[in-house]
Novice: 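Can you keep this structure in mind? I'll have questions shortly.
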2 protein chains.
Amino acid sequence: MEPPVLVLRPLTDYTPNGEKLMLIGKTIDQLQVGDAAEFTKTVSETDIYLFAGVTGDFNPAHINETYAQQTFFKGRIAHGMLLAGLISAILGTQLPGPGTIYIKQELNFKAPVRIGDTVTARAEIVGLLPEKNKVTMKTTCTNQNGILVLDGEAVISPPKAPKK
Amino acid sequence: MEPPVLVLRPLTDYTPNGEKLMLIGKTIDQLQVGDAAEFTKTVSETDIYLFAGVTGDFNPAHINETYAQQTFFKGRIAHGMLLAGLISAILGTQLPGPGTIYIKQELNFKAPVRIGDTVTARAEIVGLLPEKNKVTMKTTCTNQNGILVLDGEAVISPPKAPKK
């Protein structure tokens, strides 16, 4: 028996005529209201500390347990913008995927996320404007107990089909 | 001559009577419309790669130069949410500072940021609602050429003075 062939996802696809097609996500004619994608991640202490280092957000609520114990949340919490990054991950890699241009994002921070919480980000298409190549998506993050920790709305421009 | 004394910023302050006061940012009575703060950072390739690792946003526009060269932006660009993190850094560490609760953020992505660009995030108070302990801030990011790369508005709840 032959060993299985490892198929690597190519950077470019080819048409039957051998023309190169750049790897892109879904174009607006491939999208429908109700289409949704999710990404789930357990938020670690390392995530929070790297995020602080990258952004400069060393708010003690995120990186000082002694201080954070005295606050309303009684312990360190993740940066809200780290969770927003999980939404960005869906839009840029899954739905619509590569080639998407991020136009606008509204974020409402609803509840804290702690070290070890498992967060599911979700993006669902709620509006399509084909004549402007714009898509509106409802975006949420929920924790392992089903509590909504973040909601909001994104406006994006999905990738356009390569020119012939 | 005595060597200079290194003064470390304490986790807690003390009243003249020796009562402990938690380190907090500015309360609403210490804030005025027009108050502003800035934070400037040169965005490095490392920042973008760490941000991708933390958030899962491996959109090739951010981490694949060969792909990105073929796109509208002609090269890798930073994650928009990384820039939003610079705004979060101002709110949580400078204005109002520690103890601030992030309620809402609206983000409009206006122009790309490339590796090596120096971004200045700015937050300016545009509205105060003392009876609800809420503050509205205009939030922007501008690059080294003065081009607006991100704008939007934040709504936050500044820290409350410790109870007597």
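Both backbone and side-chain heavy atoms feed into the values below; hydrogens, waters and symmetry mates do not. Chain letters run A, B, ... following the sequence lines, proteins first and then strands; every chain starts at 1.
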Novice: Please report the shortest heavy-atom distance between Lys41(B) and Gly53(A), naming the atom on each side.
Specialist: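 What the structure gives for the nearest pair is NZ-O, 3.5 Å.
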Novice: Is there a path of hydrophobic side-chain contacts, each under 4.5 Å between heavy atoms of I, L, V, M, F, W or Y residues, that connects Leu107(B) with Ile77(B)?
Specialist: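 As far as the 4.5 Å side-chain criterion goes, Ile77(B) and Leu107(B) are not connected within one cluster.
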Novice: If you compare all heavy atoms of Gly92(B) against all heavy atoms of Pro60(A), which two are closest, and at what distance to 0.1 Å?
Specialist: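 So the two residues come closest at O-CD, 4.5 Å.
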Novice: With the side chain counted from C-beta on, respond yes when Ile103(B) and Asn108(A) share a heavy-atom pair under 4.5 Å apart, and no when they do not.
Specialist: no
Novice: Counting neighbours of CD on Glu131(B) that are heavy atoms of other residues, nucleotides or ligands and sit closer than 6.0 Å, is the number greater than 12?
Specialist: yes
Novice: For Phe73(B), look at atom CZ and say whether over 12 heavy atoms of other residues, nucleotides or ligands are found less than 6.0 Å away.
Specialist: yes
Novice: With clusters defined by side-chain heavy atoms of hydrophobic residues (ILVMFWY) lying less than 4.5 Å apart, directly or transitively, does Tyr49(B) cluster with Leu83(B)?
Specialist: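 Yes; Tyr49(B) is reachable from Leu83(B) via cluster members.
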Novice: Less than 4.5 Å to any heavy atom of chain B: does that hold for the side chain of Ala84(A), its backbone, both, or neither?
Specialist: both
Novice: Between Ile90(B) and Val33(B), is there a shared hydrophobic cluster once you connect ILVMFWY residues whose side-chain heavy atoms come closer than 4.5 Å?
Specialist: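 Ile90(B) and Val33(B): one cluster.
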Novice: Can you name the closest pair of heavy atoms from Val54(B) and Phe51(A) and give their distance?
Specialist: CG1-CD1, 4.4 Å
Novice: Any side-chain heavy atom of Gln105(A) sitting closer than 4.5 Å to one from Glu106(B)?
Specialist: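 Result no, sub-4.5 Å side-chain heavy-atom pair not found.
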Novice: Taking all heavy atoms of Tyr67(A) and all of Gly99(B), pick out the closest pair and write down the distance.
Specialist: OH-N, 3.3 Å
Novice: Consider only side-chain heavy atoms of I, L, V, M, F, W and Y, link residues closer than 4.5 Å, and tell whether Val126(A) and Leu91(A) are in one cluster.
Specialist: no
Novice: Looking at chain B, which one of Ala89(A), Ala121(A), Gly56(A) has the largest number of heavy-atom pairs inside 4.5 Å, strictly under?
Specialist: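 Ranked by heavy-atom pairs under 4.5 Å with chain B, first place is Ala89(A).
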Novice: To the nearest 0.5 Å, how far apart are NZ in Lys110(A) and NZ in Lys104(B)?
Specialist: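 Rounded to the nearest 0.5 Å, the NZ-NZ separation comes to 9.5 Å.
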Novice: Any chance you could measure Gln70(A), atom CD, to Ile24(B), atom CD1, to the nearest 0.5 Å?
Specialist: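 If we round to the nearest 0.5 Å, Gln70(A):CD and Ile24(B):CD1 are 11.5 Å apart.
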Novice: When clusters are formed by joining ILVMFWY residues with side-chain heavy atoms under 4.5 Å apart, either directly or through shared neighbours, do Ile63(B) and Ile101(A) land in the same one?
Specialist: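 Ile63(B) and Ile101(A): separate clusters.
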Novice: What's the spacing between Ser157(A) OG and Phe109(B) CZ if we round to 0.5 Å?
Specialist: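 Answer rounded to 0.5 Å: 14.0 Å.
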Novice: Counting only heavy atoms closer than 4.5 Å, note whether Tyr102(A) contacts chain B via side chain, backbone, both or neither.
Specialist: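 For Tyr102(A), backbone and side chain are both near chain B.
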Novice: Please identify which of these residues, Asn59(B), Asp57(B), Thr55(B), meets the side chain to side chain donor-acceptor pair (under 3.5 Å) condition with Ser88(A).
Specialist: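 It is Asp57(B), the one option of Asn59(B), Asp57(B), Thr55(B) that forms the side chain to side chain donor-acceptor pair (under 3.5 Å) with Ser88(A).
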